[in-house]
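Structure record follows, encoded as structure tokens.
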Amino acid sequence: MKIATFNINNIRKRLPNLLAWLAEAEPDVVCLQELKTTDRQFPSSALEKAGYSSVWLGQSTWNGVAILSRDRAPVLVRYGLPGDLNDRQARYIEAAVDGVVICSLYAPNGNPQPGPKFDYKLAWNERLIAHAAELQATGVPVVLAGDFNIVPESCDVYPSRSYADNALVQAEPRRQYRSLLDAGWTDALRALYPEETLYTFWDYRRNRWQRNAGLRLDHVLLSGSMRERLVSGGIDRYVRGQDGASDHAPVWIDINRKKV
DNA sequence: ATGGCAGGTTCGACCTGA
């Protein structure tokens with residue numbers, strides 16, 4: 001069962017790129033972020049034609065998350081991250097596919113820091129940590145996938161000082177990410193490639209793709225019962241180099257259908 | 001220290017993203 005996450009950065013603008021990658025990569029499940037489209041404008045019929053059923057949570061202009069599933073429809077579990085009824089930003093959706101709970105998340109960027117946006121980032125991450133603990137406690141297999149907007153360690157950003165003041169690399173969000181790992185979640189790509197340089201995002205500006213000046217922001221976390229089912233994984237870097245590409249590349253894992 | 005790219009909306013000078 002191949003599960004992928006892809007910050008698409010506007011699904012309508014990049015629909016041809018998305019469809020080409022789906023045809024090439026043939027993932028079974030896809031978590032999408034930054035749809036940047038309203039619910040009404042989500043291209044569900046084009047995705048159906050490509051063989052994927054979807055659940056989505058859209059928002060005008062910003063944010064937006066979705067879960068796609070091939071052959072079988074994803075069963076919606078929840079819209080939105082619990083813990084703040086006043087939070088209207090479309091950053092979280094949860095669905096069940098083939099006995100696995102799939103969470104597609106788009107965590108706040110948090111820039112500039114310090115400031116209200118950084119405060120929102122930290123508060124949102126705390127809600128994620130609390131909800132992840134509840135999911136973990138059920139014992140159900142869970143995959144938390146998406147754009148966490150956190151560079152976990154200094155090896156996950158190209159050598160540079162340009163990001164030193166950036167919200168993505170600050171100690172507090174890094175502690176929050178590490179607390180998820182300490183609570184039993186497995187960073188799938190880092191587990192598969194402990195020593196490799198892994199980037200999933202390259203800014204459009206300053207030739208950062210051409211220079212491979214990247215960051216690792218998109219992560220796939222596995223609950224305890226999923227860890228032993230992990231077979232392989234990777235980053236489809238080539239997608240970032242194509243015409244009209246998102247500034248993120250897809251990240252994917254392959255897991256055994258049944259418990260080993 | 002700044003701005004660089006890409007796209008959005010308030011249709012054109014702003015904003016966000018990371």
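Proteins come first, then strands; the chains are lettered A, B, ... in the order of their sequence lines, and each starts at number 1. The basis for the numbers below is simple: all heavy atoms, side chains too, and nothing from hydrogens, waters or symmetry mates. Everything quoted here is computed from the prediction, not taken from an experiment.
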Nucleotide N/O to protein N/O under 3.5 Å, stretch nucleotides 4-7 of chain B:
unit_1, atom_1, unit_2, atom_2, d
dG4(B), O6, Arg205(A), NH1, 3.2
dG7(B), O3', Asn10(A), ND2, 3.3

side-chain contact (heavy atoms from CB on, under 4.5 Å) against Glu48(A), all qualifying residues, sequence neighbours excluded
Ser53(A)
Could you note down all residue pairs passing side chain to side chain donor-acceptor pair (under 3.5 Å) where residues 93-106 of chain A supplies at least one of them, sequence neighbours left out?
Gln33(A)-Ser104(A), Glu34(A)-Tyr106(A), Arg72(A)-Asp98(A), Tyr92(A)-Glu94(A), Glu94(A)-His131(A), Asp98(A)-Arg257(A)
Figure out the CG/P separation between Leu35(A) and dG8(B), and round it to whole Å.
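Roughly 13 Å, once rounded to whole Å.
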Separation of dC15(B) C1' from Asn111(A) CG (nearest whole Å):
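Result: 15 Å.
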Just to verify, what does Trp56(A) make a ring pair (Phe, Tyr, Trp, His ring centres under 6.0 Å) with, not counting sequence neighbours?
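Trp56(A) satisfies ring pair (Phe, Tyr, Trp, His ring centres under 6.0 Å) with Phe42(A) once adjacent residues are dropped.
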Identify, with sequence neighbours excluded, every residue that meets ring pair (Phe, Tyr, Trp, His ring centres under 6.0 Å) alongside Trp252(A).
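Partners of Trp252(A) under the ring pair (Phe, Tyr, Trp, His ring centres under 6.0 Å) test: none.
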What contact category does Asp147(A) fall into here, base, sugar-phosphate, or nothing, at under 4.0 angstrom with non-hydrogen atoms?
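The residue Asp147(A) makes sugar-phosphate contact but no base contact.
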What is the nucleic acid contact for Asp247(A), judged by heavy atoms within less than 4.0 Å: base, sugar-phosphate only, or nothing?
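The residue Asp247(A) makes no contact with any strand.
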SB check Arg208(A) Asp247(A) (cutoff 4.0 Å)
no
Nucleotide by nucleotide, 5' to 3', does protein get under 4.0 Å of the base (B), only the sugar-phosphate (S), or neither (-) in nucleotides 9-14 of chain B, counting heavy atoms?
S-----
Counting the benzene-type ring for Trp, do Phe148(A) and Tyr177(A) have ring centres under 6.0 Å apart?
yes
